[in-house]
Amino acid sequence: MSNESIHPEHKFTFGLWTVGSVGRDPFGQPVREPKSPAELVYLLAEVGAYGVNFHDNDLIPIDATPAEAAAIKREFRKALEATGLKVPMATTNLFSDPIFKDGAFTSNDPKVRAYALQKTMRAIDLGVEFGAQVYVFWGGREGVESDATKDPVTAIRRTREAINFLCEYVLDKKYDLKFALEAKPNEPRGDIYNATTGHMLAFIETLDHPEMAGVNPEVAHEHMAGLNFLHGVAQAWEAGKLFHIDLNDQYPGRYDQDFRFGSRDLKAAFFLVKFLEEVGYPGPRHFDAHAYRTEDYEGVKDFALGCMRTYLILKEKAARWNADPEIQALLAEINADDGSLTPYFGKYTPQKAAALKDHAFDRQAIAQRGLLYERLDQLTVEVLLGVR
Ligand code: DIG
Ligand code: MN
Ligand code: MN
């Protein structure tokens with residue numbers, strides 16, 4: 001599979017943990033040999049990626065000595081310089097080490113909560129050192145298996161206190177960094193707090209510095225919650241809070257599959273790409289996904305290329321949809337407006353309300369109208385099937 005149509009300006013990024021996944025799962029051991037961060041940078045450069053992201057411990061193992069950490073950073077930086085790959089985003093692993101078995105910021109143990117703050121401050125420093133301007137918080141362990149164990153209000157307040165503290169840290173250090181909060185409804189915890197992008201948007205407004213925080217919606221996570229991913233992304237965008245995005249795919253009602261982008265729900269992927277391109281979303285197109293466990297590293301490259309190629313093909317399909325005369329004619333008919341009711345919309349005035357209350361509507365006639373949506377959606381499907 002070729003990468004000739006993939007260029008840095010597409011801003012395709014991958015986390016070290018995605019193409020570096022060794023294929024471990026709850027029922028099986030690794031199937032691929034690990035690669036170093038530097039080797040993964042060269043792999044991503046080979047497929048045409050723009051950037052690479054990391055959790056602190058994807059780059060520096062949690063028990064690395066200062067000398068080991070320095071050597072790893074040196075090799076990583078050399079690979080970045082040799083390939084031109086950027087590091088747009090960084091994040092903290094607050095979920096793998098056993099200390100986080102009952103959460104990090106929401107843990108019932110103050111020693112864990114304090115350690116999580118320390119680890120995150122150090123990880124923020126590391127991300128900024130490599131040029132990250134977005135910092136993701138995914139609270140993978142911030143949850144419960146039993147609500148007997150934690151008061152949800154206390155958990156929310158502990159999360160808020162931690163994020164407020166870390167916002168102040170970023171301000172104190174004068175870092176050019178903004179936070180992107182990533183929701184997930186469950187897994188690895190039975191239930192995770194702030195379960196969806198919608199929850200996160202509400203939570204952000206309760207922070208001391210809400211302007212410093214946005215969201216990092218992930219396809220698989222909203223699909224796990226049975227939600228329409230585009231609607232959550234659109235709400236975040238409209239609120240000026242779409243600071244980052246995690247692209248992948250997911251069968252509903254399954255564990256977090258983190259499949260190759262577009263490999264499960266092409267129609268949902270199409271409308272998402274159409275939206276991101278039409279609104280001019282400027283951020284990275286980050287693929288938080290991994291290759292099937294069946295694959296070797298050639299298959300991992302196929303996976304990465306597939307994510308990017310599908311995105312670009314759907315971008316071309318969106319342009320075709322917007323240029324299709326029959327589709328555009330249908331949209332014009334569906335949205336026809338003779339302007340006669342315009343005086344009733346917009347800001348409230350008592351006169352407007354009085355006039356609208358007296359307006360005569362022919363309810364049955366209005367209800368009789370057929371809306372042509374079957375034809376519009378079929379044309380959309382035909383664009384996706386490549387026959388238009
Ligand atoms: C899982 O979807 C999470 C972690 O991989 C990481 O913290 C975040 C960054 O994209 N996504
Ligand atoms: Mn996921
Ligand atoms: Mn993610």
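Whatever order the structure lists them in is the order used to number ligands and atoms, beginning at 1.
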Can you find a non-hydrogen atom of His286 under 4.0 Å from ligand 1?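 It does; at least one heavy atom falls under 4.0 Å.
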
Does ligand 1 have any atom sitting under 4.0 Å from a heavy atom of Asp258?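 No, Asp258 has no heavy atom closer than 4.0 Å to ligand 1.
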
Among all protein heavy atoms, pick out the one at the shortest distance from [atom]; state its residue, atom name and that distance to 0.1 Å.
atom                    : result
atom 6 (C) of ligand 1  : His55 NE2, 3.1 Å
atom 1 (C) of ligand 1  : Asp288 OD2, 3.3 Å
atom 10 (O) of ligand 1 : Asp246 OD2, 2.6 Å

State, to the nearest 10 degrees, the angle whose vertex is the Mn ion (ligand 2) and whose arms point to OD1 of Asp258 and NE2 of His221.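 An angle of 150° at the metal.
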
Whether Phe259 and Tyr251 hold their rings parallel, tilted or perpendicular, with breakpoints at 30° and 60°: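 Aromatic pair Phe259/Tyr251 classed perpendicular.
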
Restricting to N, O or S, what is the name of the atom of [X] that lies nearest the Mn ion (ligand 3)?
X      : value
Asp288 : OD2
Asp246 : OD2
Glu182 : OE2
Glu218 : OE1

Report yes or no: does [X] contribute a side-chain atom to a donor-acceptor pair with the main-chain N or O of [Y] at less than 3.5 Å?
X      : Y      : result
Arg32  : Ser21  : yes
Lys11  : Pro282 : yes
Thr380 : Leu376 : yes

Pick one of side chain, backbone, both or neither for how Asn93 approaches ligand 1, counting any non-hydrogen atom pair under 4.0 Å.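 For Asn93, no heavy atom sits under 4.0 Å from ligand 1.
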
Which segment of Met89 sits under 4.0 Å of ligand 1 when only heavy atoms are counted: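 It is the side chain that gets close, since no backbone atom is under 4.0 Å.
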
Do Phe243 and Phe179 make the cut of ring centroids closer than 6.0 angstrom?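 No.
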
Between Phe229 and Phe271, does the ring centre distance come in under 6.0 Å?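 They do not qualify: ring centres at least 6.0 Å apart.
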
Test the Lys317-Phe270 pair against the cation-pi criterion, namely NZ or CZ under 6.0 angstrom from the six-membered ring centroid and within 45° of the ring axis.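 That pair does not qualify as a cation-pi contact.
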
Hey, is Lys119 close enough to Asp97 for a salt bridge, meaning N to O under 4.0 Å?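 No, no charged N to carboxylate O under 4.0 Å.
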
Which is closest to atom 5 (O) of ligand 1 in terms of heavy atoms, Phe287, Phe95, Trp17?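 Considering heavy atoms of Phe287, Phe95, Trp17, the nearest to atom 5 (O) of ligand 1 sits in Trp17.
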
For atom 11 (N) of ligand 1, the option (of His290, Glu187, Glu218, Glu182) bearing the nearest heavy atom: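 It is Glu182 that holds the nearest heavy atom.
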
N/O/S from Asp256 sitting under 2.8 Å away from the Mn ion (ligand 2):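 Short answer: yes, at least one N, O or S atom is under the cut-off.
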
Number the atoms of ligand 1 from 1 as they appear, then name those within less than 4.0 Å of a heavy atom of Asn216, with their elements.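 Within the 4.0 Å cut-off of Asn216, ligand 1 contributes 10 (O).
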
Side-chain H-bond candidate by donor/acceptor type, Ser340 with Asp338, under 3.5 Å: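 Short answer, yes.
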
Minimum heavy-atom distance between Asn164 and His209, given as atom pair plus value: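 So the two residues come closest at OD1-N, 4.3 Å.
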
